[in-house]
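Take a look at the structure set out below.
All values below come from the heavy atoms of this structure, side chains included, with hydrogens, waters and symmetry mates left out. What you see is a predicted model, and the numbers here were worked out from it, not measured in a lab. In what follows, chains are A, B, ... by sequence order, proteins preceding strands, each numbered from 1.
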Amino acid sequence: MLRCQGAPRPARAQAGRSDPVTCADMPAASHVTRFAPSPTGALHLGNARTAFFNDLAARASGGRMVLRIEDTDAERSDDALLVKLLEDLRWLGLEWAEGPDVGGVHGPYRQSERGTYYARAIDSLEAQGRVYPCFCSPEELRLSRKAQLAAGRPPRYAGTCAALPAAEAARRVAAGARPALRFRVPAGKAIEFDDLIHGPQRFASDDIGDFVIRRADGSVAFFLGNAVDDAEMGITLVLRGDDHLANTPRQVMLLEALAMPVPRYGHLPLLLGPSGAPLSKREGAASLGDLRAQGYLPGALRNYLVRLGHACPAGGWLETGEMAKHFDLGRSSKSAAHFDEAQLRHWQREAVTHATEAELLEWLSGRLERVGDPGRRSAFVAAVRGNLLFPADVEPLVAIVCDAAIALDDDAGREVSAAGPAFFEQALDAWRVHAPDFKSWTRAVGGTTARKGAALYMPLRAALTGHTHGPELAPLVALMGSERVAERIAAAGARAAAGG
RNA sequence: GCUCCCAUCGUCUAGAGGCCUAGGACACAGCCCUCUCAAGGCUGGUACGAGGGUUCGAAUCCCUCUGGGAGCGCCA
């Protein structure tokens, strides 16, 4: 029942041709996916991609995504982190149909509030004799693992408490012991499932030790909570990191013992940092919040992510609404991908060029006050947007338009000196006649100085902006105002005359 | 150690036995365009981890090795 028949090739191959997730015992349908983070740290790019792919897979199939919070580790879970998590996901542009903040019929959406579901599942397992209390201390377990490793054996639970008589267990509990609860893994069984990305998988139950489903403190462990919630919430497709692949048989066993539906699984390859190690907090500025703080736009992240570990058939910039059309799980890669900031930067450039004026104003908010009223800000943004990659890039440009005086950089200084005082005198005279018309001004200066092209514009650019490169001059000049232009040309003339 | 996953330019990838003297994108270099930068256009270099098979023919299928990763937690 766990195996999808009728798929002659692995899911990957099949998926590219037809419906990505059609198989015999599960008719083509829209998918209910989920993202189930634990609020124990900042969302890094790898998790963000997993969330994004779940969103895309749901949209591409006309389904929906559920957001569930796995906060069973009370020690490490933090509400402030949860708020930040939701904010980051929204910022990225993800949408969930059900979740802690939007509600839904399968709630509650925080595992810390779903105790009754787990209790019911555990009752069922107990009634079937599939679980047993384990009194081993963490220290004993650590020693046991160490000993097994030293003996060249897999560090699995040794089964110390597996055969403990019920009476003995009861006696220990009465004496105050707090046992964990372990799932009794059946011997000699094969667990099979068809991974959407990796194809058919087969594991031997004998390779899996009895694992904890409820901790000594009564909280539910990952394997149980995660699997039960997926079933209770009607999740049909579990897209998660590769690191869960070898854990999946545990959840399949649990679900089978509980007679609950087993979802389809798809294990996404991990994201590696520049050093080649899997992405983590240690890998530097790879958290979504950091990237956002650096000024990356959400569209840049999305366009980058949709191509990271996924062969997106569309080459160019994709708007948010178009992405699902180009998403196909069957075109997901099986091997790990490296985070490459150069590529992210490329999409950032694209994001800036495709951003609306309103988005840019929001992105630059706080840095445009000096530019003036909305009309001027709008003109300014239009003039400089081609030269921006990050919000901070706008500050020197604001200075060009707003500062009373500007400093020339070395190259600009050389340009001004080379042009000589006479050039600026003529430029100033022409400006008095033609201001504020940039075009007729430069035409006039070109005529009287017999200069054209770079020889004409470069000294003007240097004098006016202090740099030898930057945005197109005409709109900048319009924003500066006649007075300022005259002052700067005069200043450049003085500097050239001083023999710089 | 055991189990599992993965392996094409520096990076992201195309590739389903002949369409591959391996294609695209990013990055890099050069040229063109241009008042500069950016954008755009053109050109260039760089890859099938190794060894064995199977086949008339292998990047593609099989095996071994190597390399990388994950799991084996009262983390998720």
Discussion item. Base, sugar-phosphate or nothing for A:C312? Non-hydrogen atoms, less than 4.0 Å.
Written reply: nothing

Practice prompt. Write down the distance separating the P atoms in B:rU66 and B:rG41, rounded off to the nearest Å.
Written response: 47 Å

Worksheet item: A:R349 side chain: which of B:rU13, B:rA39, B:rC74 is closest?
Response: B:rA39

Worksheet entry | Base-pairing mate for B:rC42 - Watson-Crick or G-U, with both contacts under 3.5 Å | B:rG30

Practice prompt. Determine the interatomic distance between C1' on B:rU64 and the same-named atom on B:rA70; round to the nearest Å.
Written response: 23 Å

Worksheet item: Pick from A:N47, A:T50, A:N54, A:T248: which one makes a side-chain hydrogen bond (donor to acceptor under 3.5 Å, both in side chains) with A:R240?
Response: A:T248

Item to complete: Quickly work out the A:L270 CG to B:rG71 C1' distance and round it to whole Å.
Response: 12 Å

Worksheet entry | B:rC37 phosphate, OP1 or OP2, under 4.0 Å from A:H467 side-chain N/O | no

Worksheet item: In whole angstrom, what separates A:E140's CD from B:rG73's C1'?
Response: 16 Å

Fill in: Span that lies between the C1' atom of B:rC12 and that of B:rC42, in whole angstrom
24 Å

Worksheet item: When rounded to the nearest 0.5 angstrom, what is the spacing between CG in A:L308 and OG in A:S332?
Response: 10.5 Å

Worksheet, complete the sentence: Of the candidates B:rA27, B:rA76, B:rG1, the side chain of A:H346 sits closest to B:rA27

Discussion item. Mind checking if A:Q148 touches a base, just sugar-phosphate, or nothing, with heavy atoms under 4.0 Å?
Written reply: nothing

Discussion item. Say we look at B:rA59 and B:rG49: how far apart would their C1' atoms be, to the nearest angstrom?
Written reply: 12 Å

Worksheet item: Contact class for A:R182 (heavy atom, under 4.0 Å): base, sugar-phosphate, or nothing?
Response: sugar-phosphate

Fill in: Watson-Crick or G-U wobble partner of B:rG17, both distances under 3.5 Å
none

Discussion item. Under 4.0 Å, heavy atoms only, any strand: does A:P155 hit a base, just the sugar-phosphate, or nothing?
Written reply: base

Fill in: Residue A:D243, side-chain heavy atoms: nucleotide from B:rA70, B:rA76, B:rG15 that is nearest
B:rA70

Worksheet item: Rounded to whole angstrom units, what separation is found between the CG atom of A:D217 and the C1' atom of B:rC75?
Response: 13 Å

Worksheet item: Where the side chain of A:R145 is concerned, which of B:rC6, B:rC72, B:rC74 is the nearest nucleotide?
Response: B:rC74

Worksheet item: Touch check for A:N247, heavy atoms < 4.0 angstrom, all strands: base, sugar-phosphate only, or nothing?
Response: base

Worksheet item: Expressed as a whole number of Å, how far does the P atom of B:rA25 sit from that of B:rA14?
Response: 15 Å

Fill in: Listed nucleotide nearest any side-chain atom of A:S335, set B:rC74, B:rA7, B:rC12
B:rA7

Discussion item. With heavy-atom distances below 4.5 Å as the criterion, would you say the side chains of A:P471 and A:T465 are in contact?
Written reply: no

Worksheet item: B:rA22 pairs with which nucleotide, Watson-Crick or G-U wobble, both distances below 3.5 Å?
Response: none

Worksheet item: Does A:D194 pair with A:R264 as a salt bridge, N-O distance under 4.0 Å?
Response: yes

Discussion item. For B:rU54, give the paired nucleotide (Watson-Crick: N1-N3 plus N6-O4 or O6-N4; G-U: N1-O2 and O6-N3; both under 3.5 Å), or none.
Written reply: none

Item to complete: Would you classify A:A216 as touching base, sugar-phosphate or nothing, given that sugar-phosphate means primed atoms plus P, OP1 and OP2, and contacts are heavy atoms under 4.0 Å?
Response: base

Worksheet item: Within the structure shown, what part of the strands sits under 4.0 Å from A:E70 by heavy-atom distance: base, sugar-phosphate, or nothing?
Response: sugar-phosphate

Item to complete: Provide, to the nearest angstrom, the distance between the NZ atom belonging to A:K334 and the P atom belonging to B:rG69.
Response: 20 Å

Discussion item. Nearest whole Å is fine: how far is B:rA76 C1' from A:F222 CZ?
Written reply: 6 Å

Worksheet entry | N/O donor-acceptor pair, side chain A:R461 with base B:rC35, under 3.5 angstrom | yes

Item to complete: Have a look at A:F223 and say if it touches a base, only the backbone sugar-phosphate, or nothing, with a 4.0 Å heavy-atom cut-off.
Response: base

Discussion item. Would you say the ring centers of A:Y132 and A:F183 fall short of 6.0 Å from each other?
Written reply: no

Item to complete: Remember a base hit wins even if backbone is also touched, and classify A:A454 as base, sugar-phosphate or nothing at under 4.0 Å, heavy atoms.
Response: sugar-phosphate

Discussion item. Without decimals, in angstroms, what is the distance between A:E192 CD and B:rC4 P?
Written reply: 13 Å

Worksheet entry | A:A311, nearest nucleotide to its side chain (from B:rU11, B:rU13, B:rC2) | B:rU13

Discussion item. Regarding A:G470, tell me which of base, sugar-phosphate or nothing describes its non-hydrogen contacts under 4.0 Å with the strands shown.
Written reply: base

Discussion item. How many whole angstroms separate atom CG of A:D195 from atom P of B:rC4?
Written reply: 15 Å

Response to the item:
Scanning all shown strands, the Watson-Crick or wobble mate of B:rA76 with both distances under 3.5 Å is none

Fill in: Centroid-centroid under 6.0 Å between A:F52 and A:F35 rings
no

Discussion item. Using a heavy-atom cut-off of 4.0 Å across all strands, would you classify A:R451 as base, sugar-phosphate, or nothing?
Written reply: nothing

Item to complete: Check step by step if side chain to side chain contact (heavy atoms under 4.5 Å, CB included) holds for A:L85 and A:L81.
Response: CA-CA 6 Å; A:L85 190 72; A:L81 287 170; over 6 Å; no

Worksheet, complete the sentence: Side-chain contact check for A:Y457: nearest option of B:rA76, B:rC74, B:rC35 is B:rC35

Discussion item. Taking 4.0 Å as the cut-off, does a side-chain nitrogen or oxygen of A:Q201 come that near to OP1 or OP2 on B:rC5?
Written reply: yes

Practice prompt. For the pair A:D79 and A:R110, find out whether any cationic side-chain nitrogen is under 4.0 Å from an anionic carboxylate oxygen.
Written response: yes

Worksheet item: So what does A:T72 touch, heavy atoms closer than 4.0 Å: a base, only the sugar-phosphate, or nothing?
Response: sugar-phosphate

Worksheet, complete the sentence: Among B:rA76, B:rC35, B:rU13, the one nearest any side-chain atom of A:S333 is B:rU13

Worksheet entry | A:R331, nearest nucleotide to its side chain (from B:rC72, B:rC74, B:rG15) | B:rG15

Worksheet item: In the structure shown, which nucleotide is the Watson-Crick or G-U wobble counterpart of B:rC4, with both distances under 3.5 Å?
Response: B:rG69

Worksheet item: Checking A:E322 side chain against A:E319 main chain: does a donor-acceptor pair fall under 3.5 Å?
Response: yes

Worksheet item: At under 4.0 Å between heavy atoms, what does A:H244 touch on the DNA or RNA strands: base, sugar-phosphate, or nothing?
Response: base

Item to complete: Would you kindly compare A:R156 and A:E350 by the position of their nearest RNA chain B nucleotide and give the one closer to the 5′ end?
Response: A:E350

Item to complete: With C1' as the reference atom in both, quote the distance from B:rG53 to B:rG17 in angstrom, rounded to an integer.
Response: 15 Å

Practice prompt. Check the distance between B:rA38's C1' and A:Q348's CD and give it to me in whole angstrom.
Written response: 14 Å

Discussion item. The side chain of A:L245 is closest to which nucleotide in this list: B:rC5, B:rA76, B:rU3?
Written reply: B:rC5

Worksheet, complete the sentence: Ranking A:A221 and A:G386 by the position along RNA chain B of their nearest nucleotide, the one closer to 5' is A:G386

Practice prompt. May I ask you to decide whether A:K84 forms a salt bridge with A:D88, counting only side-chain N to carboxylate O separations under 4.0 Å?
Written response: yes

Discussion item. Once hydrogens and angles are ignored, does a donor-acceptor distance under 3.5 Å link the base of B:rC37 to the side chain of A:N387?
Written reply: yes

Discussion item. If I pick the P atom on B:rG45 and the same atom on B:rG30, what distance separates them, to the nearest angstrom?
Written reply: 16 Å

Discussion item. With rounding to the closest Å, how many angstrom separate the C1' atoms on B:rA38 and B:rC32?
Written reply: 16 Å

